[in-house]
Amino acid sequence: MMNNRKSRNIAPKGGIADRALLLVLGAFITAICLLGGSVRGDAVQLIVLRPAACLVAGYALYQLGASRAGGQKVQGLAPLYAGLAVLAVWMIIQLIPLPYQIWSELPGRALIAKLDAAGGQTGLSRPLSFSPSRTANSLAALIVPLAALLLFHRYPNRRKKDFLALVIVIALGNSLLGILQILGPSGGPLYFYEFTNATEAVGFFANRNHSSVFSAVALLIISYIYSQNWRFFRLDRKYTNMVLVTIYLLIFLSSILNGSRAGFLCGGIALFLGLVLYNLRPAGAKGPGMKQSRKVASIIGSVAIVAFSLTLILLFFASDRVPAVTRLIEADNMSNLRTSAMPTLLEMIGTYWPFGTGFGTFDKAYFIHEPNELLMPSYFNQAHNDWLQMIIEGGAPVAVLAIAGILFYFAAVLKLFVLTASNRAHLFFWFGIMTILGVASLVDYPLRTPLFSAVAVWIVALLLAARRNPEALGFIRDP
């Protein structure tokens, strides 16, 4: 009993979580929401965000060391720490200057070597990275997901599911801000970034695609919480369902107003999986009579949800307020560019394999390979396919890390499924999250934003911790 009591509190005066930890977590969430929505390394907001993340990481590390005597332990997070460490080490290696004779023989460096020879610069030592400053910026960007992971690690085990609720709260704020942006002036004070979609509901982000995909993730989380009959923070279950329905509608509404086709597709995936989760039996339904009534209620509820969603979309579409639908049936320059650039991206992988061009250097390398017919006033600063871009920049080590991570993720989901008495909701949710982020990364780069990277770390960390001890984290349904 003594051990159970200790595990419920991380400080004598803190209850579920000590006040200082909650204050730091709140400050970190505020910082990543207001300052962490852009991928650009030259965003002025990073001047504040990254030092703040360093302070948060330092605080969490200190608290983790101080809490060892109190028994605060979390098993299962080692793969995430290892993944971040491997990324950091490979980025550092890409920054190490190499002797010119070695560097000039690396794949894809022949053209630069010719330019060096023409300019008499053949004696220079050069790193693997095409742009060391860009790679150093990518290395510094790891501090945000690291701080997020350390905060998760420090949070009490029994309340780690609160991080799912925190993602919903962030998504709600993102949606409300997006609605206000639509109502306000184009590029007004509610748009936080210089380079942004200044006429769209981007919310906390600079890119409408990232905002809409984030909303899709939140919609699936809401459905998951409902399927498990979990509380939303400390609310009673009855009030939890009311709050979740209200938030779901608001996020769904903002997703319709968003002009993102990728987000529209991911939202459709979230809605479909949400219906599946809705029809899974939540905890507390007992007896054949309850099962039958539950089945009828699920069918009626599913039909009502689909009918409501379609009606809302049709109403907005009829009033020309669903730009994502309009853009689905209309071609645009960016879509054509993404398709036309695909052969070039594949060529770049073959050219720079297996070492890559260096993290953050895609546009520098792309300019070398850019076909004349794709030249235009706007430039291709990202590959708009993060699966290919990470291989172009990181080479074979990143490809191996990505494959290992995906396989480990699948294994963790299956283990959680087995440990929780074949609770099918876990399969649909965790594989659904992977599907949404995987599909979004095929056409964009959402996980490169500090806000999205922190949230993704929380979601994966929760899975890894739960698959080691689902009962302690509350993943075992009450009988």
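Keep in mind that the numbers below use all heavy atoms, side chains included, and drop hydrogens, waters and symmetry copies.
Side-chain rings of Phe452 and His210 stay apart, their centers remaining 6.0 Å or farther from each other. Aromatic pair Tyr224/His426: ring centres closer than 6.0 Å. Residues Tyr366 and Phe130 place their aromatic rings such that the two centres sit no closer than 6.0 Å. Outside the 6.0 Å centre-distance limit, the rings of Trp103 and Phe355 are not counted as a close aromatic pair.
Counting heavy atoms from C-beta outward, Trp458 and Leu164 have side chains that stay 4.5 Å or more apart. Between Asn469 and Asn157, every side-chain heavy-atom pair lies at or beyond the 4.5 Å cut-off. You'll find the side chain of Tyr409 stays beyond 4.5 Å of the side chain of Leu464, heavy atoms only.
Across every non-hydrogen atom of Val48 and Leu35, the tightest pair is CG1-CD1, 3.7 Å. When all heavy atoms of Val439 and Cys266 are compared, the closest pair comes out as CG1-SG, 4.4 Å. Nearest heavy-atom pair across Ser215 and Ile251 is CB-CG2, 3.6 Å. Nearest approach of Leu84 to Leu142, heavy atoms of both residues: O-CD1, 4.1 Å. Gly83 approaches Leu401 most closely through the heavy-atom pair O-CD2, 4.0 Å. Closest approach of Ala218 and Ile168 over heavy atoms only: O-CG1, 4.5 Å.
Taking the six-membered ring where the residue is Trp, Phe152 and Phe163 present tilted rings, their angle falling between 30° and 60°. The aromatic rings of Phe214 and Phe205 sit tilted relative to each other, their planes meeting at an angle between 30° and 60°.
The distance from atom CG of Leu49 to atom CZ of Phe28, rounded to the nearest 0.5 Å, is 7.5 Å. Atom CZ of Arg109 is separated from atom OG of Ser104 by 11.0 Å, given to the nearest 0.5 angstrom. In this structure, the separation between NE2 on His369 and CE on Met348 is 5.0 Å, given to the nearest 0.5 Å. Remark: Ser223 OG to Leu277 CG distance equals 6.0 Å, nearest 0.5 Å.
The side-chain hydrogen bond (donor to acceptor under 3.5 Å, both in side chains) with Arg134 is formed by just one residue from the set Asp363, Thr357, Thr361; it is Asp363.
For Glu347, the CD atom sits in a packed shell: over 12 heavy atoms of surrounding residues, nucleotides or ligands are nearer than 6.0 Å. The number of heavy-atom neighbours closer than 6.0 Å to CZ of Phe272, taken from other residues, nucleotides and ligands shown, is 12 or below.
Both the sub-6.0 Å distance and the 45° axial angle are satisfied by Arg40 relative to the ring of Phe195.
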Margin query: Working note: Glu393 + Arg448, criterion salt bridge (charged side-chain N to carboxylate O under 4.0 Å, His left out); need CA distance, chi angles, decisive distance, verdict.
Written below: CA-CA 13 Å; Glu393 296 180 339; Arg448 291 179 181 259; 3.3 Å; yes
Margin query: Let's go through Phe362 and His384 carefully: what are the C-alpha distance in whole Å and the side-chain angles of both, what is the deciding distance for ring pair (Phe, Tyr, Trp, His ring centres under 6.0 Å) to 0.1 Å, and is it a yes or a no?
Written below: CA-CA 11 Å; Phe362 168 80; His384 292 273; 8.8 Å; no
Margin query: Checking Asn423 against Gln228 for the side chain to side chain donor-acceptor pair (under 3.5 Å) test, could you report, in this order, the C-alpha distance in whole Å, the side-chain angles of both residues, the deciding distance, and whether it holds?
Written below: CA-CA 9 Å; Asn423 185 341; Gln228 299 305 288; 2.8 Å; yes
Next item on the list: Given side chain to side chain contact (heavy atoms under 4.5 Å, CB included), test Val398 with Val86 step by step and report yes or no.
Entry: CA-CA 9 Å; Val398 175; Val86 169; over 6 Å; no
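For Asn385 and Ser441, the side-chain atoms include no donor-acceptor pair closer than 3.5 Å. Side-chain N/O atoms of Arg50 and Asn137 include a donor and acceptor closer than 3.5 Å.
Distance alone, capped at 3.5 Å, is enough to place a donor-acceptor pair between the Trp387 side chain and the Gly438 backbone.
Under 4.0 Å is where a charged nitrogen must lie from a carboxylate oxygen, and between Arg126 and Glu105 no such pair does.
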